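What follows is a single structure, written as structure tokens, with notes after it.
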Amino acid sequence: MRLATWNVNSLRARMDRVLEFMRRSEVDVLAVQETKLADAAFPVQPFEELGYQVAHHGLNHWNGVAVLSRVGLDDVQRGFPGQPGYGDPAVVEARAVSALAGGIRVWSLYVPNGREQGHPHFDYKLAWLKALGEQVSGQLAADLDAALVLAGDYNIAPTDADVWSVEYYADKTHTSPPERAAFQGLLDAGLSDPVRAFTRAPKTFTYWDYQQLRFQKNRGMRIDFMLCSDAVRDRVSGASIDRDERKGKGASDHAPVLLDLLDTAPPTGNAR
DNA sequence: ATGGTTGATGGTCAA
């Protein structure tokens, strides 16, 4: 089974690219972020014609997340318990949706950007991640064998190797100690990032700003992840970042991240 | 070239 995550930065603007990606990439489950669509505006039919079921969560032209699956799509959850809101009055934004697909609970997550250190949005980002971590901890405490994938745009570069310039980001967001601690909190909750082992080359990124020829200069960040519970991690056979999708006219500023799973965990070495 | 990209929008804000 092949899973992928992709911040498309407007599905409407990216429709041709996304459909072409799905036609050629053999992806069974795709987690999409930043559709920038309300549910009523989501173009369900073109995906259904390719054999995918759609679970979309969008309230307006900001955020918007979806899970697309051709291996079943059940028990859709919009948002997660305890998910913080933002603004006055606080609104719970469309940043999390999940479904059971192919026996795995797959989340599509769009973590708040944070904007600037000290900005209210930054505190919102940390609170959002804390609440997410508590949910994961609770689920894995209840079922150590739960098959979970938390795919999405985390808007955090967990290590210095995940940014093109440590100095450039020193006073910005995405690399600060509290953000990295929040990301580590998810790992401490029982998740792991199996993609990294397959994408070890230096300066491997998933996002490049549109400005300043950042992609052409490979000045990017690794901020998109597919965090997995142990039950899923034990089935991983490969992973990759589809850098080609960042090329050319009409590209998203993020590239898709792909993860391949064996049908069942290998028989040796994983007994609990 | 007083700029820088893109997208949703219809003035600017967000990323």
Side-chain angles (χ1 to χ4, degrees), chain A residues 5-21 31-43 56-66 84-96 108-129 151-158 162-165 167-176 178-179 182-183 205-225 241-257:
Chain A
T5 188
W6 193 8
N7 180 323
V8 298
N9 184 23
S10 170
L11 184 59
R12 203 192 303 272
R14 220 66 62 206
M15 201 57 187
D16 291 348
R17 279 228 185 211
V18 173
L19 290 172
E20 186 53 34
F21 173 75
V32 182
Q33 299 85 39
E34 277 209 274
T35 64
K36 296 187 174 180
L37 293 173
D39 281 341
F42 193 96
H56 180 250
H57 180 34
L59 301 174
N60 47 45
H61 65 273
W62 292 294
N63 312 306
V65 283
Y86 182 72
D88 184 20
V91 174
V92 177
E93 299 175 310
R95 294 180 176 275
S108 178
L109 304 173
Y110 179 42
V111 176
N113 172 285
R115 299 186 188 168
E116 297 171 25
Q117 294 192 44
H119 192 286
H121 209 261
F122 190 80
D123 296 331
Y124 168 51
K125 178 181 195 172
L126 297 178
W128 203 95
L129 289 160
D153 175 0
Y154 282 79
N155 271 317
I156 296 172
D162 299 325
V163 294
W164 65 273
S165 166
E167 294 73 25
Y168 179 81
Y169 288 101
D171 59 350
K172 299 185 174 61
T173 58
H174 292 59
T175 63
S176 72
E179 289 169 283
F183 189 87
F205 303 127
T206 66
Y207 160 88
W208 300 260
D209 196 294
Y210 284 125
Q211 300 190 57
Q212 311 279 134
L213 297 174
R214 286 279 166 72
F215 180 67
Q216 290 81 348
K217 297 176 178 176
N218 194 29
R219 294 181 168 182
M221 288 196 281
R222 186 196 290 256
I223 56 175
D224 300 274
F225 298 94
I241 296 165
D242 189 352
R243 198 174 182 282
D244 288 347
E245 270 301 341
R246 183 61 181 81
K247 296 177 180 175
K249 194 171 173 57
S252 170
D253 41 4
H254 295 251
V257 179

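Naming: A, B, ... by sequence-line order, numbering from 1 per chain. All heavy atoms count here, side chains included; hydrogens, waters and symmetry mates do not. Quantities reported herein were computed from a predicted structural model and do not represent experimental measurements.
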Next item on the list: Write down the distance between CD (A/Gln33) and C1' (B/dA14), rounded to a whole number of angstrom.
Entry: 17 Å
Checklist line | Whole-Å gap separating P (B/dT6) and CD (A/Glu34) | finding: 15 Å
Notebook entry, point to check: CE of A/Met15 versus P of B/dG7: gap in Å, rounded?
Noted result: 16 Å
Check: OP1 or OP2 of B/dG7 less than 4.0 angstrom from a side-chain nitrogen or oxygen of A/Arg14, does that happen here?
Finding: yes
Check: More than 12 heavy atoms of other residues, nucleotides or ligands under 6.0 Å from CH2 of A/Trp62: is that the case?
Finding: no
Check: Taking the same atom, P, in B/dG10 and in B/dA1, what whole-Å distance lies between them?
Finding: 32 Å
Margin query: So A/Arg214, base contact, sugar-phosphate only, or nothing? Heavy-atom distance under 4.0 Å.
Written below: nothing
Item checked: Rounded distance (Å) that lies between atom C1' of B/dG7 and atom CG of A/Leu37 -> 12 Å
Notebook entry, point to check: Please give, in whole Å, the distance from B/dC13 C1' to A/Lys36 NZ?
Noted result: 10 Å
Margin query: Looking only at the side chain of A/Tyr210 (C-beta and beyond, no hydrogens), which of the listed nucleotides B/dA8, B/dA15, B/dT6 gets closest?
Written below: B/dT6
Margin query: In this structure, how many angstroms lie between the P atom of B/dA14 and the NE2 atom of A/His121, rounded?
Written below: 8 Å
Note to self: Closer than 3.5 angstrom, by distance alone: can the side chain of A/Gln117 be matched with the main-chain N or O of A/Lys172 as a donor-acceptor pair?
What the structure shows: yes
Notebook entry, point to check: For A/Leu213 and A/His254, take the nucleotide of DNA chain B holding the closest heavy atom to each; which residue's nucleotide lies nearer the 5' end?
Noted result: A/Leu213
Notebook entry, point to check: CG of A/Asn63 versus P of B/dA15: gap in Å, rounded?
Noted result: 7 Å
Next item on the list: Take A/Asn9 and A/Asn155, find for each the nucleotide of DNA chain B with the closest heavy atom, and name the residue whose nucleotide sits nearer the 5' end.
Entry: A/Asn9
Next item on the list: Using modelled atom types only, decide if a donor and an acceptor are shared between the side chain of A/Arg17 and the backbone of A/Glu245 within a distance under 3.5 Å.
Entry: yes
Note to self: In whole Å, I'd like the distance from the OH atom of A/Tyr207 to the P atom of B/dA14.
What the structure shows: 15 Å
Checklist line | N or O in side chain of A/Arg115 less than 4.0 angstrom from B/dA14 OP1/OP2 | finding: yes
Item checked: Backbone of A/Asn7 reached by a side-chain donor or acceptor of A/Gln33 within 3.5 Å -> yes
Item checked: Gap between atom NE2 of A/His174 and atom OH of A/Tyr168 - 0.5 Å precision -> 11.0 Å
Next item on the list: Check every strand shown and say whether A/Tyr110 touches a base, only sugar-phosphate, or nothing at a heavy-atom separation below 4.0 Å.
Entry: sugar-phosphate
Item checked: Minimum-distance nucleotide to A/Gln212 side chain [options: B/dA15, B/dG4, B/dA8] -> B/dG4
Note to self: Give me the distance, rounded to whole Å, that separates B/dT2 from B/dC13 when you measure between the C1' atoms they each carry.
What the structure shows: 22 Å
